[in-house]
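Notes follow once the structure below has been shown.
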There are 2 protein chains.
Amino acid sequence: MPKETFNNLSKDKKQKIFIAAVQEFSTRRFSEVSINQIVKTAGIPRGSFYQYFNDKEDIFLYVFTEILKEKQEILHSTEDVNPDADVFEVLMQTIRASYQWSRAKPEYSQISLLMEIDNSEFIIRLRTASANELRKMVERDKQRGLIKPEIDPDLVVEMIYSFIIKEYFWIGLGEDMFLKRINDIIKIIKEGIACV
Amino acid sequence: MPKETFNNLSKDKKQKIFIAAVQEFSTRRFSEVSINQIVKTAGIPRGSFYQYFNDKEDIFLYVFTEILKEKQEILHSTEDVNPDADVFEVLMQTIRASYQWSRAKPEYSQISLLMEIDNSEFIIRLRTASANELRKMVERDKQRGLIKPEIDPDLVVEMIYSFIIKEYFWIGLGEDMFLKRINDIIKIIKEGIACV
DNA sequence: ATGTCATATGACACACTTGTCATTTCGTTG
DNA sequence: CAACGAAATGACAAGTGTGTCATATGACAT
């Protein structure tokens, strides 16, 4: 995380650096990001950067946690979820909120997206199991008798997770199309595609 | 594709370069691959490389088509598929064969895998719609009344494709586990997870 | 043996990277 | 005002990488 010197900076300067970093991390994958580029767009001398951060990982960690903080604020503010809702309903609601966020801060969501398809040592270590909450929901619904007993919750979570992530690449489609696609996917996972 | 000079090389030397390239492309993503590294492991001088290939894309294209050729030979040799089989059955069979191939040539399949998660301009252009055949099968089964009429074949193909690809990262599990997981996934897509 | 021509070769020019460090600048405090 | 210390700065060393090119080599034809 940033050195003390960074925290002592003016809000303006901090913001300038943050924005430059976001721009870089949202267009290049981690291994391709150049600190040179960041300092150039931030308009600070190269030496200063190393006064503020140790290295690329350091600034990424900063940007990442900053974004996560913001996202969680937004997601939790919309938390008027019906406690009896099943996993499918909750999922749909979360994605809807998450979509709004992506629309409001496209660069931020682009960073998350790039992270998903990155397999640098460092990024892999970072990728948290945000899937955990989802798994718990699946397990709960299984006990409520809403989901077939032979289903492996981990597998379901993985499927949902991997597909929804991929779906975000389609975000350009526009809200209606995007949400319809997600809806269709969830329906397939719920009911299958074969005729009964 | 390779220059004439490369084709004139001895089989041995060609092989040596091919192997070095495979090694490099199977451990680093495209943008990170270094020609320096390739020539070093192949034991040829840097200048020679440029006598044989134009650049990184050039040699990748060569390696890629070479591997594809080999894979298709294997996949087609196992083509004793029942013409009445539904898409689920065919899928399972193809994956089984494909798994064998991955086991036999782990570096090759690693390259395919890396391609899937690569978003370099060049690689994206290359990624063929091998999904086409699958889509046709889904459409056929829809007309045969095996698949619900409201299902969008493209979406199904995408789902299958993205799950299965991701699943290949689990290939270390061993054949039984791997095939069981694939089987479970296909079953979910077919029948869903919700209780009826 | 001489000439020709395709190929082999590694030094070279250039462009990029990262992290360091001696120096300068500046604000605060005595 | 002086002096101290923290922060700013850009030149620097050392490491990547790419693609080119003049020259060396060697096989074959005359």
I'd like the 5' and 3' limits of the part of DNA chain D contacted by chain B, with heavy-atom contacts below 4.0 Å.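 Reading along DNA chain D, I get D/dG17 to D/dT20.
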
Who passes side chain to side chain contact (heavy atoms under 4.5 Å, CB included) against [X], sequence neighbours left out?
| X | value |
| --- | --- |
| A/L146 | A/D86, A/D141, A/R144 |
| B/M92 | B/R96, B/L179, B/I182, B/N183, B/I186 |
| A/V33 | A/E24, A/F25, A/R28, A/I38, A/K56 |
| B/Q51 | B/T5 |

So which of residues 21-31 of chain B are in contact with DNA chain C, with a heavy-atom cut-off of under 4.0 Å? none

May I ask you to test the B/R135-B/E139 pair for a side-chain heavy-atom distance under 4.5 Å? yes

Have a look at [X] and say if it touches a base, only the backbone sugar-phosphate, or nothing, with a 4.0 Å heavy-atom cut-off.
| X | result |
| --- | --- |
| A/Y52 | sugar-phosphate |
| B/F6 | nothing |
| B/T5 | sugar-phosphate |

Any donor-acceptor pair under 3.5 Å linking the side-chain atoms of B/Q23 with those of B/T41?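 B/T41 vs B/Q23: no donor-acceptor pair found between side chains.
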
Which atoms of nucleotides 23-26 of chain C (N or O only) lie under 3.5 Å from a protein N or O atom, and what are those distances?
none

Could you walk me through whether A/I35 and A/F53 pass side-chain contact (heavy atoms from CB on, under 4.5 Å), step by step? CA-CA 11 Å; A/I35 291 174; A/F53 301 95; over 6 Å; no

By ring-ring contact (aromatic ring centres under 6.0 Å, His included) - contacts of A/F30 (at least two apart): A/F60, A/F122

Tell me the ring-ring contact (aromatic ring centres under 6.0 Å, His included) pairs involving residues 132-155 of chain A, sequence neighbours left out? none

Which pairs with one or both residues in residues 97-121 of chain A pass ring-ring contact (aromatic ring centres under 6.0 Å, His included), sequence neighbours excluded?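 Checked against ring-ring contact (aromatic ring centres under 6.0 Å, His included) - neighbours excluded - the pairs reaching residues 97-121 of chain A are A/Y99-A/F178.
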
Going 5' to 3' through nucleotides 11-22 of chain C, assign each nucleotide B (protein heavy atom under 4.0 Å from a base atom), S (under 4.0 Å only from sugar-phosphate atoms) or - (no protein heavy atom that close). ------BBBB--

Is there a side-chain contact (heavy atoms from CB on, under 4.5 Å) between A/L134 and A/M137 once you walk through the steps? CA-CA 5 Å; A/L134 192 56; A/M137 272 193 286; 3.9 Å; yes

Evaluate the side-chain contact (heavy atoms from CB on, under 4.5 Å) criterion for residues A/E158 and B/R181: first the C-alpha distance (whole Å), next the side-chain angles of each, then the deciding distance (0.1 Å), finally the verdict. CA-CA 11 Å; A/E158 232 185 274; B/R181 283 181 70 93; 2.7 Å; yes

Partners passing side-chain hydrogen bond (donor to acceptor under 3.5 Å, both in side chains) against A/K180 (at least two apart in sequence or in another chain): A/D184

